[in-house]
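Encoded as structure tokens, the structure appears first; notes follow it.
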Amino acid sequence: MTKDMTAGSPAKLILKFTIPLIFGNLFQQFYSMVDTIIVGRYLGKEALAGVGSTGSINYMIIGFCIGTCAGFAIPVAQRFGARHFDDLRRFVGNILWLAAGFSVILTLLTVVLCRPILSAMNTPADIYEYAYWYIVIIFAGIPATVFYNILASLLRALGDSRTPVIFLVLASIINIVLDFVLVLGTPMGVAGAAVATVASQLVSGAACFVFIAKRFDILHITKDDMRPRPPYMAELCGMGIPMGLQCSITAIGGILLQSSVNGLGSLSVASVAAANKLSAFFTCAFDAMGVSMSTYTGQNVGARRFDRIPPGLRAGMAIGSVYSIGAFLILFFFGRVLVTMFIDGSETAIIEGAFQFLMANSAFYIPLAAVNIYRLLIQGMGYSKIAMFAGVCEMAARSFAGLGLVPAFGYTAACFANPLAWVMADVFLIPLYIHLLRKTKRQEELEPRTRT
């Protein structure tokens with residue numbers, strides 16, 4: 001089930017690894033879309049706006065969890081590439097301690113602070129309770145989210161991108177069934193959609209755990225592997241926390257932007273909510289491409305195959321560019337029709353607002369592909385802390401749009417906030433990659449002399 005990415009065609013390896021990830025992410029977004037469709041179509045536009053208004057804070061916290069889990073897996077990928085399996089298992093043991101600790105702390109903090117955060121974001125009164133009950137349940141389920149993502153990240157670090165997808169498909173089906181049961185069959189409302197999401201994550205995690213226990217001997221750890229080791233934890237935190245913070249820092253700008261959109265009224269909030277849900281379905285492919293680059297680069301760095309990094313980057317960008325053009329064309333011709341999955345066709349103002357947002361964003365999907373590919377490649381090289389500043393660039397751009405452009409130019413400025421953030425991140429990441437590649441090449445040239 002493991003996959004060695006240190007030999008063979010980079011393009012074929014990356015494409016073969018990416019396709020299952022895209023499929024899995026699409027299913028994950030699919031059941032998220034089902035949440036939104038049921039909420040928007042059956043509970044009304046206020047409920048839709050309430051759930052949608054939590055998107056930025058949801059990304060800030062859940063994104064931190066997912067990013068940290070992915071970062072924890074990078075040393076595992078590097079040890080796998082270097083064939084240091086005993087060391088690999090010690091990292092896995094320490095990952096479990098760190099994941100448990102982060103889960104407990106984040107759950108307690110976020111559940112307690114939900115209402116103050118929503119109030120600080122100027123959440124409109126008519127959607128406030130919808131937003132609160134949805135997001136507080138999502139945050140209460142953080143341990144389930146971490147449980148699945150840490151195990152899935154470990155499998156991907158060893159080159160297995162298919163197995164997590166299989167269990168994610170199972171979870172998607174469970175989520176959809178629970179959506180209908182809890183939202184339509186009980187008075188739980190938006191809380192039912194949140195419970196369905198958390199329950200599906202828990203099922204995915206349990207399935208991954210059973211599979212690893214039965215099939216992945218390389219991940220079977222001993223009591224000694226579970227012994228806390230400060231140097232290992234320091235390295236894991238040095239990789240994981242910057243990747244998690246990168247998501248959170250990026251989301252801070254999103255929160256400020258969402259606050260400005262909230263000030264435009266619930267109609268604008270609903271338009272952005274519907275557009276974001278549809279856009280997330282198309283952009284999840286870029287997340288998959290980033291994960292592929294992280295695993296590919298991590299294994300090749302561990303094997304000291306630095307010469308394989310540039311062709312891997314070219315292959316990733318080629319795949320990302322072709323996909324970006326295809327996604328734009330689909331949204332251009334069918335965007336309005338697709339938006340009606342989330343909102344009644346009579347809500348023409350919301351549909352047009354969502355379509356405007358989609359066009360502004362999808363026109364810049366190639367820069368978004370570059371953000372994910374360059375950033376995760378750099379992190380796979382072991383430079384998580386430096387790559388984190390790409391998130392700072394995105395935060396600054398969205399903050400500028402939210403605090404300066406939206407008050408001056410209204411909804412149109414909100415539509416172009418994300419593209420501005422992506423371009424700013426690329427302006428930082430591309431020169432950084434060139435510098436780091438030159439640095440690694442110099443180190444590789446000097447290494448033989450160092451050994452003699």
Side-chain angles (χ1 to χ4, degrees), residues 29 33 36 40 45 48-60 121-124 127 250-286 324-325 327-343 347-372 393-427:
Q29 289 301 324
M33 285 176 63
T36 308
K45 62 182 180 181
L48 172 65
V51 172
S53 70
T54 67
S56 54
I57 181 178
N58 192 341
Y59 180 71
M60 183 175 73
M121 290 176 63
N122 300 318
T123 304
I127 66 174
T250 301
I252 291 172
I255 290 172
L256 294 174
L257 177 63
Q258 183 66 55
S259 299
S260 296
V261 173
N262 289 347
L264 299 176
S266 57
L267 188 148
S268 293
V269 176
S271 296
V272 172
N276 273 331
K277 282 295 181 182
L278 184 56
S279 183
F281 187 78
F282 285 88
T283 59
C284 68
F286 302 123
S324 297
I325 294 169
F328 171 77
L329 291 175
I330 291 172
L331 288 171
F332 180 79
F333 288 108
F334 304 106
R336 289 185 178 88
V337 175
L338 292 173
V339 168
T340 58
M341 291 189 300
F342 308 104
I343 200 73
E347 300 284 356
T348 55
I350 294 176
I351 293 170
E352 286 304 313
F355 182 73
Q356 180 184 351
F357 189 95
L358 287 168
M359 287 297 94
N361 280 251
S362 60
F364 288 83
Y365 276 174
I366 291 178
L368 174 58
V371 171
N372 284 272
C393 294
E394 290 192 65
M395 178 192 70
R398 288 193 179 90
S399 298
F400 172 69
L403 298 176
L405 298 182
V406 173
F409 301 102
Y411 184 76
T412 300
C415 294
F416 285 94
N418 286 330
L420 177 63
W422 301 333
V423 171
M424 289 298 296
D426 285 333
V427 168

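Sequence positions, counted from 1, serve as the residue numbers for this chain. Model, not experiment: these values are computed from the prediction. Keep in mind that the numbers below use all heavy atoms, side chains included, and drop hydrogens, waters and symmetry copies.
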Sub-4.5 Å side-chain heavy-atom contact between [X] and [Y]:
X	Y	answer
Phe364	Asn418	no
Leu338	Phe282	yes
Phe416	Leu420	no
Ile366	Phe328	no

What is the minimum heavy-atom distance between [X] and [Y], and which atoms define it?
X	Y	value
Pro419	Cys415	CD-O, 3.7 Å
Ala275	Phe357	CB-CD2, 3.5 Å
Ala417	Ala401	CB-CB, 3.6 Å
Ser271	Ala354	O-CB, 3.5 Å
Val261	Ala414	CG2-CB, 3.9 Å
Ala349	Leu267	CB-CD1, 4.0 Å

* Classify the angle between the aromatic ring planes of Trp422 and Tyr365 as parallel (below 30°), tilted (30 to 60°) or perpendicular (above 60°). =>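 Rings of Trp422 and Tyr365: tilted, as their planes differ by 30° to 60°.
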Approximate separation, where rounding is to 0.5 Å, of [X] [atom1] and [Y] [atom2]:
X	Y	atom1	atom2	answer
Leu264	Ser259	CG	OG	11.0 Å
Arg336	Gln356	CZ	CD	10.5 Å
Asn262	Ile127	CG	CD1	6.0 Å
Ser260	Leu405	OG	CG	9.5 Å
Arg398	Leu403	CZ	CG	13.5 Å
Asn276	Asn361	CG	CG	7.5 Å

* Ser362 side chain to Leu358 backbone, donor-acceptor under 3.5 Å -> yes
* Kindly say whether Thr54 contributes a backbone atom to a donor-acceptor pair with the side chain of Asn58 at under 3.5 angstrom? => no
* Asked: Do other residues, nucleotides or ligands put more than 12 heavy atoms under 6.0 Å from the CZ atom of Phe400?
  ->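 It does not: Phe400 CZ has 12 such atoms or fewer within range.
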